[in-house]
Amino acid sequence: QVQLAESGGGLVQAGDSLRLSCAASGRTLKNYAIGWFRQAPGKEREFVAAIDWIGGNVLYANSVKGRFTISRDNAKNAVYLQMNSLKPEDTAVYYCAADQFIGTTHREYNNWGQGTQVTVST
């Protein structure tokens, strides 16, 4: 099993940018598809973006398409989520997750990090 850790969250203003990182320990990330999900208080965990193991296939939720970019650097054993033009509705705990195949539902991923808080103020 791969251990995941997110970093890069914080408090920003609307319109600002943040880059989240997902790092792995225990195993290399290069064999895994990685998904980013987020969960706001009182809401269900929702899909944000995903990338396959080689980086050739990426998926985005409609709500973040054109603003967020997922990428990976297998040499650094890390996956990134660049978030631009942040909105207050992007406020949530962001999680990265890993599994064999790329997917858009949280049930498709068996390895999860602890999450990092992103707060976007008006």
Side-chain angles (χ1 to χ4, degrees):
Q1 207 162 7
V2 61
Q3 308 295 324
L4 302 174
E6 304 90 342
S7 61
L11 171 63
V12 297
Q13 292 186 329
D16 285 351
S17 298
L18 277 176
R19 188 176 83 154
L20 304 184
S21 298
C22 176
S25 60
R27 287 192 176 185
T28 177
L29 268 184
K30 70 178 182 181
N31 298 324
Y32 293 89
I34 303 296
W36 283 97
F37 293 78
R38 66 187 182 187
Q39 189 165 18
K43 295 188 176 181
E44 293 188 355
R45 192 166 298 190
E46 65 172 358
F47 170 73
V48 176
I51 188 167
D52 67 2
W53 70 275
I54 201 172
N57 185 19
V58 295
L59 301 171
Y60 294 99
N62 287 335
S63 59
V64 307
K65 202 172 291 185
R67 299 189 297 123
F68 291 11
T69 303
I70 188 171
S71 63
R72 68 188 303 154
D73 187 339
N74 286 339
K76 295 184 178 180
N77 214 28
V79 174
Y80 307 102
L81 184 68
Q82 178 67 42
M83 307 187 295
N84 298 330
S85 303
L86 282 161
K87 304 175 180 179
E89 52 263 44
D90 294 318
T91 295
V93 178
Y94 283 71
Y95 300 88
C96 65
D99 216 290
Q100 186 176 5
F101 300 109
I102 191 171
T104 60
T105 68
H106 62 84
R107 295 176 184 83
E108 297 176 84
Y109 293 85
N110 288 312
N111 302 279
W112 289 84
Q114 294 300 308
T116 185
Q117 176 71 46
V118 172
T119 303
V120 185
S121 65
T122 56

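A donor-acceptor contact shorter than 3.5 Å is absent between the side chain of Thr119 and the backbone of Thr91. Panel note: side chain Gln13, backbone Ser121; no donor-acceptor pair is recorded below 3.5 Å. Not one N or O on the side chain of Glu6 forms a donor-acceptor pair closer than 3.5 Å with the backbone of Thr116. Between the side chain of Tyr109 and the backbone N or O of Gly103, at least one donor-acceptor pair lies under 3.5 Å.
Hydrophobic cluster membership is shared by Val12 and Val64, with clusters built from Ile, Leu, Val, Met, Phe, Trp and Tyr side chains linked at under 4.5 angstrom. Hydrophobic cluster membership is shared by Leu86 and Leu20, with clusters built from Ile, Leu, Val, Met, Phe, Trp and Tyr side chains linked at under 4.5 angstrom. One hydrophobic cluster holds both Leu81 and Val58 under the rule that ILVMFWY side chains link at heavy-atom gaps under 4.5 Å. Following chains of ILVMFWY side-chain contacts shorter than 4.5 Å, one can reach Phe68 starting from Val79, so the two form part of one hydrophobic cluster. Residue Val120 is grouped with residue Met83 when hydrophobic side chains (ILVMFWY) are merged at heavy-atom distances under 4.5 angstrom, including chains of intermediate members.
Here OH of Tyr60 is found 12.5 Å from CH2 of Trp36. Values are rounded to the nearest 0.5 Å. For the atom pair CD1 of Ile70 and CD of Gln82, the computed distance is 12.0 Å after rounding to the nearest 0.5 Å. To the nearest 0.5 Å, atom CZ of residue Arg67 and atom OG of residue Ser17 are 10.0 Å apart. Note: Ser25 OG to Leu4 CG = 8.0 Å, rounded to the nearest 0.5 Å. Rounding to the nearest 0.5 Å gives a distance of 9.5 Å between CG of Leu29 and CG of Asn111.
In terms of the side chain to side chain donor-acceptor pair (under 3.5 Å) criterion, residue partners of Asn110 (sequence neighbours excluded) are, by chain and number, Asp99. Looking at residues two or more places apart in sequence or on another chain, you find a ring-ring contact (aromatic ring centres under 6.0 Å, His included) between Trp112 and Phe37.
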For residues 43-52, tabulate all N or O donor-acceptor pairs below 3.5 Å that involve a side-chain atom, not counting sequence neighbours.
{"unit_1": "Arg45", "atom_1": "NE", "unit_2": "Gln39", "atom_2": "OE1", "d": "3.3"}
{"unit_1": "Arg45", "atom_1": "NH2", "unit_2": "Gln39", "atom_2": "OE1", "d": "3.3"}
{"unit_1": "Glu46", "atom_1": "OE2", "unit_2": "Arg38", "atom_2": "NE", "d": "2.6"}
{"unit_1": "Glu46", "atom_1": "OE2", "unit_2": "Arg38", "atom_2": "NH2", "d": "3.1"}
{"unit_1": "Asp52", "atom_1": "OD1", "unit_2": "Ile54", "atom_2": "N", "d": "3.4"}
{"unit_1": "Asp52", "atom_1": "OD1", "unit_2": "Gly55", "atom_2": "N", "d": "2.7"}
{"unit_1": "Asp52", "atom_1": "OD1", "unit_2": "Gly56", "atom_2": "N", "d": "2.8"}
{"unit_1": "Asp52", "atom_1": "OD1", "unit_2": "Asn57", "atom_2": "N", "d": "3.3"}
{"unit_1": "Asp52", "atom_1": "OD2", "unit_2": "Asn57", "atom_2": "N", "d": "3.2"}

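The two residues Ala98 and Ile34 have their closest heavy-atom pair at CB-CD1, 3.5 Å. The heavy-atom pair separating Asp90 from Ser85 by the smallest distance is OD2-O, 4.4 Å.
Atom CD of Gln114 has 12 or fewer neighbouring heavy atoms from other residues, nucleotides or ligands inside a 6.0 Å radius.
The side-chain heavy atoms of Tyr32 and Arg27, taken from C-beta on, include a pair separated by under 4.5 Å.
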